[in-house]
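Here the structure comes first, spelled out in structure tokens, and everything after it is commentary.
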Amino acid sequence: MANFDKNDFLRRTFATADKSKSGSIGKETVRKLLLVSGYDLTDVQLERKFKSLDKNLDGSVDVEEFLRIYENMQDYYPATEYDSIRAYFKLIDVDGDGYITVDEFTHYFTIMGDSFASIRDTIDKIDSFKDAGRVNIFGFIQHLKPKY
């Protein structure tokens, strides 16, 4: 089994979040990525975190700046699991229509290094309403919520 490479994972995450493919992401995208990771920052905390990442002060974060995103996170409170799941959904839902399609899953999982077989399997598991291969937020939450 290959060792986990944190920087490779963060680069792939950045590529997924950089929907415009401009090579940089803004403050709200940083907020979403932190929320997906379980950190719900206040506006003041987000401003402080963003400024600490944006070393060249261009108002955006490039991939090299992004690699430091989890430094000093012990000062922040984690988000609820549902907030993280909703943020994760929005990250994958590229067009923002409220559904994750096969193409959106394929794009995300390809960047993350997964195979098509697991994509199809994932969609079949999550598409609880059998909604033509699309997954809505309710199916997504149902699939990812903690099982107690």
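Just so you know, these numbers use all the heavy atoms, side chains as well, and skip hydrogens, waters and symmetry mates. Residues take their numbers from the sequence shown, with the count starting at 1.
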Sorted by chain and residue number, the side-chain hydrogen bond (donor to acceptor under 3.5 Å, both in side chains) partners of D97 (sequence neighbours excluded) come out as none
Look up atom [atom1] in [X] and atom [atom2] in [Y], then write down how far apart they are to the nearest 0.5 Å.
X	Y	atom1	atom2	result
F14	D62	CZ	CG	6.5 Å
T42	R48	OG1	CZ	7.0 Å
I25	L33	CD1	CG	5.0 Å
L34	T29	CG	OG1	11.0 Å
T13	D18	OG1	CG	12.5 Å
L53	K51	CG	NZ	13.0 Å

* Is V94 reachable from I100 through a run of hydrophobic residues whose side-chain heavy atoms are each under 4.5 Å from the next? -> no
Q) If you look only at pairs with a residue in residues 19-36, which of them pass as a salt bridge (charged side-chain N to carboxylate O under 4.0 Å, His left out), with sequence neighbours excluded? A)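 Sorted pair list: K27-E47, E28-R31, R31-D43.
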Side chain to side chain contact (heavy atoms under 4.5 Å, CB included) for R134 and E104? Distances and angles first, verdict last. CA-CA 10 Å; R134 304 183 313 171; E104 289 168 326; over 6 Å; no
Closest heavy-atom pair, L67 versus R11, reported as atoms and distance to 0.1 Å, is CD1-NH2, 3.4 Å
Of all heavy-atom pairs linking D58 and N56, the shortest is OD1-OD1, 3.0 Å
I would like to know whether K55 and R68 meet side chain to side chain contact (heavy atoms under 4.5 Å, CB included); could you show each step before the answer?
CA-CA 11 Å; K55 292 297 183 191; R68 296 186 330 276; 3.0 Å; yes
**Request:** Using the test ring-ring contact (aromatic ring centres under 6.0 Å, His included), find all partners of F50 that sit at least two apart in sequence or belong to another chain.
**Result:**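 Expected list: none.
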Y99 vs D93 side-chain heavy atoms within contact, under 4.5 Å = no
